[in-house]
Amino acid sequence: MLVFRHTSMAPTVSIDFLESPLSWDEQQLQTHLSSMAAAIDAHFHGRSPLLIGIESGGAWVATALNNKLAKPLPMGTLNPAFYRDDFDTRGLKATVTPSKLPFDVDGQHILLVDDVLMTGRTIRAAMNELFDFGRPASISLAVLFDIGHRELPIRADICGETLALPPHQRVELRGPAPLVAEIRDTMA
């Protein structure tokens with residue numbers, strides 16, 4: 001059973017997990033991305049922020065969002081792997097792609113993009129790395145999914161969909177093309 005609660009940002013969905021896992025096909029995600037692109041225009045009121053996607057899912061979402069905007073934004077990618085505070089529980093991937101910011105961030109408005117907002121630790125790590133590149137005028141956050149489980153006081157300014165998931169479940173985005181997502185059980 002799905003229960004939708006609308007908020008000012010995005011609908012919140014509570015899921016009865018006795019059903020089969022919930023998934024989103026490319027068309028459903030494109031609908032979310034179109035809504036998010038409209039929200040970006042409204043949020044920045046004519047200003048042109050720099051768009052920065054967090055590797056890898058956030059970079060896919062940033063690219064897809066940029067394709068939906070009336071005027072594409074300058075875009076870069078961050079890989080905050082070395083800035084994380086949870087190496088002891090997550091480890092480090094064998095290959096880490098370098099961050100690519102082909103612009104100066106000093107004094108700029110930044111739109112940081114990620115696929116899933118959960119604890120807030122990835123966003124904190126990304127902001128720490130971003131400040132190594134300079135001092136932005138502002139940082140806003142856009143995420144495709146917010147699943148809660150917050151450990152840090154971080155929230156999205158623009159969100160495609162908010163889900164109330166139990167601690168043992170996550171949203172997994174696959175892409176870059178087509179973008180699809182599904183809920184995965186981490187205890188399986």
Side-chain angles (χ1 to χ4, degrees), residues 2-5 7-17 21-24 29 32-33 36 39-40 43 51-65 76-99 101 110-133 136 138-176 179-188:
L2 295 178
V3 179
F4 291 89
R5 291 187 308 270
T7 64
S8 61
M9 302 296 268
T12 299
V13 182
S14 297
I15 300 168
D16 177 353
F17 288 100
L22 188 59
S23 62
W24 295 262
L29 293 183
H32 283 335
L33 291 165
M36 291 171 68
I40 289 168
H43 182 78
L51 190 62
I52 300 176
I54 298 174
E55 288 289 344
S56 61
W60 300 340
V61 172
T63 299
L65 271 173
T77 59
L78 275 180
N79 190 334
F82 294 116
Y83 290 78
R84 295 196 60 96
D85 64 357
D86 55 0
F87 286 113
D88 56 338
T89 57
R90 291 178 53 106
L92 186 62
K93 291 183 179 179
T95 58
V96 177
T97 58
S99 295
L101 297 181
I110 305 292
L111 179 58
L112 194 59
V113 179
D114 205 2
D115 54 347
V116 179
L117 175 57
M118 190 172 80
T119 64
R121 292 187 179 280
T122 299
I123 304 307
R124 184 216 44 89
M127 289 191 300
N128 283 357
E129 181 177 6
L130 189 57
F131 280 104
D132 281 352
F133 285 91
S138 68
I139 301 173
S140 298
L141 177 62
V143 298
L144 190 54
F145 295 100
D146 182 342
I147 67 168
H149 308 258
R150 215 68 86 238
E151 295 173 3
L152 300 174
I154 292 174
R155 68 165 179 78
D157 298 290
I158 299 165
C159 181
E161 189 168 338
T162 301
L163 302 170
L165 297 183
H168 65 279
Q169 294 189 318
R170 307 283 184 269
V171 174
E172 181 181 296
L173 184 69
R174 290 191 312 270
L179 280 179
V180 294
E182 67 182 349
I183 293 176
R184 292 283 191 184
D185 193 328
T186 60
M187 295 189 330

Only one of Leu117, Thr162, Val116 passes side chain to side chain contact (heavy atoms under 4.5 Å, CB included) with Ile147, and that residue is Val116

Partner of Ile52 under side chain to side chain contact (heavy atoms under 4.5 Å, CB included), picked from Leu130, Val113, Leu111, is Leu130

I'd like to check Arg121 versus Ile154 (side-chain heavy atoms, cut-off strictly below 4.5 Å). Are they in contact? no

Check: Asp114 side chain, Val143 main-chain N or O, donor-acceptor pair, under 3.5 Å: no

By salt bridge (Lys or Arg N to Asp or Glu O under 4.0 Å), Asp115 pairs with (sequence neighbours left out) none

Within-4.5 Å side-chain heavy-atom neighbours: Ile158 and Ser140
no

- Query: Taking Arg124 for the side chain and Tyr83 for the main chain, is one N or O donor matched with an acceptor at less than 3.5 Å?
  - Reply: yes

All heavy atoms of Leu78 vs all of Ala126, minimum pair found to be CD1-O, 3.5 Å

Nearest heavy-atom contact between Leu179 and Ala64 is CD1-CB, 4.0 Å

For Ala62 and Gly53 the tightest heavy-atom approach is CB-CA, 3.8 Å

- Without swapping roles, check the side chain of His149 against the backbone of Leu165 for a donor-acceptor pair under 3.5 Å. yes

Any side-chain heavy atom of Leu173 within less than 4.5 Å of one from Leu29? yes

Where the side chain of Asn79 meets the backbone of Glu55, is there a donor-acceptor pair that is under 3.5 Å apart? no

* Asked: For Ile183, does its backbone N or O pair with a side-chain atom of Arg170 as donor and acceptor, under 3.5 Å?
  -> no

Between Glu129 and Ser99 the two heavy atoms that sit nearest each other are OE2-OG, 2.6 Å

